[in-house]
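As the structure is a computational prediction, the values presented were derived from the model and not from experiment.
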Amino acid sequence: MRYKFEQLPQLIDVRGKLPHKGQYDVRKGGVKAITTRVWHHSLTKLNLKGSNVQSFADFHVRTNGWPEIGYAFVIDPNKVVNERAAIYYCVDVAKKSYHVGNSNNFSLGICVIGDYRYDKLSEPAMRSIAELHDALTADGIGKEDKSHNEMPGYAWKQCCVYDYRKAIQWKGEATPSKPAPLPDTYTIQEGDTFWSIAAKDGPEGITVEDLIAANPGVDPRNLKVGQVINLGRAKNAYTPKPDAPKKNNPNINILCRLGS
């Protein structure tokens, strides 16, 4: 059987070509067992050297000890094919890949490369998200869509961050939307620092000093994954002295590395 998603012009079949150590088992019930398409982001910024499907596969196999990469599909905004982000077909849809804990057998993992706490979803990426979604729907692969953090046991995880519901309905409109207001609180993720969190909101928004002032019980040098800090409520929390203008200090990045 040839699926509609296999006919997408931006699809690149890399099954069996990525780092692997064995292979996943076929799902119980095969493709018909898939009820949920689960949307992820890689949590690696687009401009980083390791933000590619090869590196993800290597990490999942060598570090996590998985047989293959965890996602069936990886969408790469850094590689554009016919005005669309490349879609790497990594693991056969009939296989149960490891990407969302105890829900793996009935879910299909789709990852968009980027850290969308900071990166912005490009039009080529949105086009590929929408076209892949439509093709999978037509193929009968999955009945609903959910973000990684909407799956059981993952409410704490900032993934996928981008608005996947809007992306799967994208029809080419280029009208910019107003940025969503910052949430009152933020849950610390792997690799976060006060500097990187403040940088996300821009030089006119929250600063490192704001975060420190709004979170007096938090040690910025010892941030922990899952720790909740004040974010939106931190804006303008710091009042500088006349001789100490309010500014972001890039050196705080060295002091506030997660777990340092």
Side-chain angles (χ1 to χ4, degrees), residues 5-20 37-64 66 68-93 97 99-100 108-136 145 147-149 157-174 176-177 179 189-193 196-197 199-202 253:
F5 75 77
E6 293 179 295
Q7 301 173 36
L8 293 174
Q10 69 273 43
L11 190 82
I12 302 173
D13 192 345
V14 292
R15 290 174 296 171
K17 301 175 183 177
L18 297 171
H20 62 279
R37 297 173 291 263
V38 180
W39 298 88
H40 303 253
H41 70 155
S42 66
L43 273 172
T44 58
K45 289 186 178 181
L46 285 169
N47 61 352
L48 294 180
K49 185 177 180 181
S51 288
N52 57 69
V53 67
Q54 193 83 13
S55 295
F56 303 155
D58 189 72
F59 178 80
H60 288 173
V61 173
R62 293 178 181 272
T63 302
N64 291 357
W66 299 348
E68 304 177 67
I69 190 172
Y71 313 113
F73 299 98
V74 173
I75 297 175
D76 186 354
N78 288 319
K79 183 177 178 61
V80 178
V81 180
N82 296 326
E83 300 183 346
R84 297 161 171 84
I87 302 173
Y88 291 98
Y89 184 18
C90 305
V91 177
D92 194 285
V93 290
S97 66
H99 66 102
V100 66
L108 185 76
I110 306 169
C111 179
V112 181
I113 295 179
D115 184 345
Y116 293 96
R117 298 172 298 172
Y118 313 105
D119 293 322
K120 293 182 179 180
L121 208 59
S122 66
E123 287 197 9
M126 292 184 73
R127 186 186 299 274
S128 283
I129 290 171
E131 291 183 356
L132 178 59
H133 171 267
D134 290 349
L136 291 171
D145 297 273
S147 176
H148 189 181
N149 61 9
K157 195 170 184 65
Q158 295 294 305
C159 183
C160 59
V161 180
Y162 60 83
D163 189 345
Y164 72 90
R165 294 183 182 88
K166 180 180 178 181
I168 62 180
Q169 296 173 358
W170 190 77
K171 303 299 180 184
E173 298 90 345
S177 59
Q189 305 291 303
E190 183 70 36
D192 276 341
T193 66
S196 67
I197 294 169
K200 175 183 69 169
D201 194 41
N253 192 35

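- Considering only heavy atoms from C-beta on, Glu6 comes within 4.5 Å of Tyr89 through its side chain.
- Atom CG of Leu136 and atom CZ of Arg37 lie 6.5 Å apart (nearest 0.5 Å).
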request  = Please test His60 against Tyr71 for ring-ring contact (aromatic ring centres under 6.0 Å, His included), starting from the C-alpha separation and ending with a verdict.
outcome  = CA-CA 10 Å; His60 288 173; Tyr71 313 113; 5.4 Å; yes

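- The shortest distance between side-chain heavy atoms of Gln158 and Asn149 does not fall below 4.5 Å.
- Residues in residues 44-60 take part in these salt bridge (charged side-chain N to carboxylate O under 4.0 Å, His left out) pairs, two or more places apart or across chains: Asp58-Arg62.
- Interatomic distance, Arg127 CZ to Asn82 CG, rounded to the nearest 0.5 Å: 10.0 Å.
- A search for salt bridge (charged side-chain N to carboxylate O under 4.0 Å, His left out) contacts involving Asp115 returns Arg117, not counting sequence neighbours.
- Using a 4.5 Å heavy-atom cutoff, the side chains of Leu121 and Lys166 are not in contact.
- When the side-chain hydrogen bond (donor to acceptor under 3.5 Å, both in side chains) test is applied to His148, the partners found at least two apart in sequence or on another chain are His40.
- To the nearest 0.5 angstrom, Cys159 atom SG is 4.5 Å from His41 atom NE2.
- By the side-chain hydrogen bond (donor to acceptor under 3.5 Å, both in side chains) test, Tyr88 is found to be paired with no residue, residues two or more places apart in sequence or in another chain being considered.
- Not counting sequence neighbours, the partners of Thr44 by the side-chain hydrogen bond (donor to acceptor under 3.5 Å, both in side chains) test are Ser42, Ser51.
- For the side-chain contact (heavy atoms from CB on, under 4.5 Å) test, residues two or more places apart in sequence or in another chain that qualify with Phe59 are Thr63, Asn64.
- Remark: Ser55 engages Asn52 in a side-chain contact (heavy atoms from CB on, under 4.5 Å) (not counting sequence neighbours).
- In terms of the side-chain contact (heavy atoms from CB on, under 4.5 Å) criterion, residue partners of His20 (sequence neighbours excluded) are, by chain and number, Glu68.
- Taking all atoms of both residues into account, the shortest heavy-atom contact from Leu8 to Leu132 is CD1-CA, 3.9 Å.
- In terms of heavy atoms, Val93 sits closest to Phe5 at CG1-CZ, 4.0 Å.
- Considering all non-hydrogen atoms of both residues, Tyr116 and Pro77 come closest at OH-CG, 3.6 Å.
- Here the closest heavy-atom approach between residue Ile69 and residue Cys90 is recorded as CG2-CB, 3.5 Å.
- One distance of note links CG of Leu48 with CD1 of Ile113; it measures 11.0 Å at 0.5 Å rounding.
- For Ser128, the side-chain contact (heavy atoms from CB on, under 4.5 Å) criterion is met by Gln10, Ile75, Arg84, Ala85, Ile87, not counting sequence neighbours.
- To the nearest 0.5 Å, atoms CD1 (Ile12) and NZ (Lys17) are separated by 9.5 Å.
- Just one residue in the list Ile129, Leu108, Val112, Val53 forms a side-chain contact (heavy atoms from CB on, under 4.5 Å) with Phe73, and that residue is Leu108.
- Here the straight-line distance linking atom CG of Leu46 with atom CG of Asp76 works out to 8.0 Å at 0.5 Å rounding.
- Phe56 pairs by the ring-ring contact (aromatic ring centres under 6.0 Å, His included) definition with nothing, not counting sequence neighbours.
- Side-chain contact between His99 and Trp66: absent, with no pair of heavy atoms (C-beta onward) separated by less than 4.5 Å.
- Annotation: salt bridge (charged side-chain N to carboxylate O under 4.0 Å, His left out) contacts of Arg15 (sequence neighbours excluded): Asp13, Asp92.
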